Amino acid sequence: MTKPYTMPKEEIRAAAEGLADSLGREHGVRSRWEGDRVKIKGAGVDGELSFHDGLIDVSVRLGLLTSMFEGTLRREVQRYLDEHIT
C-alpha cells in the first residue's frame, strides 16, 4: 500500500516508529531501521515500510497461517497511516 505525505521527514519517521512499535506490541513483530526504511519481521510476517519522494510505501508478506489476518492487518495499518500521516 502507498500513501502520499506532505509532513516533514522527521515527523514521518516518528509516525513510522509509532506504527512499528504498535505492531510489535500487538503482533509480536520486531523492527529494525535501515536509513529511511524499517524492516518488520515476526512469525509469519516479513515486510518493510519506507518513505521517500513524498510517498510512504508499506509492503508485507504473510505466511500461510498469518494470511487469514491480512484484512485485519491491512485495515489496522491503513487506519494508523490515516490518523498519523498528512
Side-chain angles (χ1 to χ4, degrees):
M1 104 183 38
T2 306
K3 178 173 178 66
Y5 69 87
T6 58
M7 297 167 61
K9 195 173 191 176
E10 299 78 26
E11 291 180 30
I12 293 295
R13 185 174 175 103
E17 288 173 351
L19 177 59
D21 291 346
S22 174
L23 291 173
R25 279 189 313 276
E26 295 179 25
H27 302 286
V29 299
R30 297 172 314 281
S31 58
R32 183 182 81 239
W33 281 93
E34 295 177 359
D36 291 339
R37 178 182 318 243
V38 62
K39 302 264 184 172
I40 299 166
K41 192 147 185 85
V45 178
D46 186 18
E48 71 179 41
L49 181 148
S50 61
F51 50 98
H52 52 83
D53 302 326
L55 292 174
I56 294 176
D57 183 43
V58 179
S59 62
V60 177
R61 290 171 296 288
L62 300 174
L64 182 61
L65 293 176
T66 55
S67 65
M68 69 179 78
F69 301 106
E70 179 180 1
T72 301
L73 184 58
R74 181 180 300 273
R75 283 188 300 276
E76 183 178 333
V77 169
Q78 187 66 54
R79 179 191 54 75
Y80 187 94
L81 294 175
D82 288 346
E83 288 178 7
H84 294 89
I85 306 295
T86 60

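This one's a predicted model, so the numbers in the text were calculated from it and none came from an experiment.
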#### Entry: Evaluation steps, side-chain contact (heavy atoms from CB on, under 4.5 Å), between Val77 and Met1
CA-CA 9 Å; Val77 169; Met1 104 183 38; 4.0 Å; yes

### Message
Counting C-beta onward and ignoring hydrogens, is there a side-chain heavy-atom pair between Leu23 and Leu73 closer than 4.5 Å?
### Response
yes

### Message
Please check this pair: side chain of Ser50 against backbone of Arg37, looking for a donor-acceptor N/O pair closer than 3.5 Å.
### Response
no

### Task
Identify whether the distance between the nearest side-chain nitrogen and carboxylate oxygen of Lys3 and Asp82 falls below 4.0 Å.
yes

### Note, Leu49 side chain near Asp57 side chain (heavy atom, < 4.5 Å)
no

### Query
Heavy atoms, side chains only, cut-off 4.5 Å: are Val58 and Thr2 in contact?
no

### Task
Answer yes when Glu11 and Arg13 have at least one side-chain N-carboxylate O distance shorter than 4.0 Å, and no when they do not.
no

### Query
Under a 4.5 Å cut-off applied to non-hydrogen side-chain atoms, are Ser22 and Glu76 in contact?
yes

### Residue pair Thr66 / Gly63: nearest heavy atoms and the distance that separates them
OG1-N, 3.0 Å

### Message
Run the side-chain contact (heavy atoms from CB on, under 4.5 Å) test on Ile40 and Asp46 for me, step by step, so that the C-alpha distance in whole Å, both residues' side-chain angles and the decisive distance to 0.1 Å come before the verdict.
### Response
CA-CA 6 Å; Ile40 299 166; Asp46 186 18; over 6 Å; no

### Task
Could you pull out the closest heavy-atom pair between Ser31 and Val38, with the gap in Å?
CB-CG2, 3.6 Å

#### Entry: Single-linkage hydrophobic cluster, 4.5 Å side-chain cutoff, Leu55 and Met7 together
no

#### Entry: Counterpart residues, ring-ring contact (aromatic ring centres under 6.0 Å, His included), relative to Tyr5 (two or more places apart)
none

### Query
Just wondering, more than 12 heavy atoms not from Gln78 lying within 6.0 Å of its CD?
yes

### Task
Could you tell me which non-hydrogen atom of Ala15 sits nearest to which non-hydrogen atom of Ile85, and how far apart they are?
CB-CD1, 3.4 Å

### Pairs flagged by ring-ring contact (aromatic ring centres under 6.0 Å, His included) wherever residues 35-81 is involved - sequence neighbours left out
Tyr80-His84

### Query
Given the rule in the side-chain contact (heavy atoms from CB on, under 4.5 Å) test, do Glu48 and Ser59 qualify, once you have shown the distances and angles that lead to the verdict?
CA-CA 6 Å; Glu48 71 179 41; Ser59 62; 3.8 Å; yes

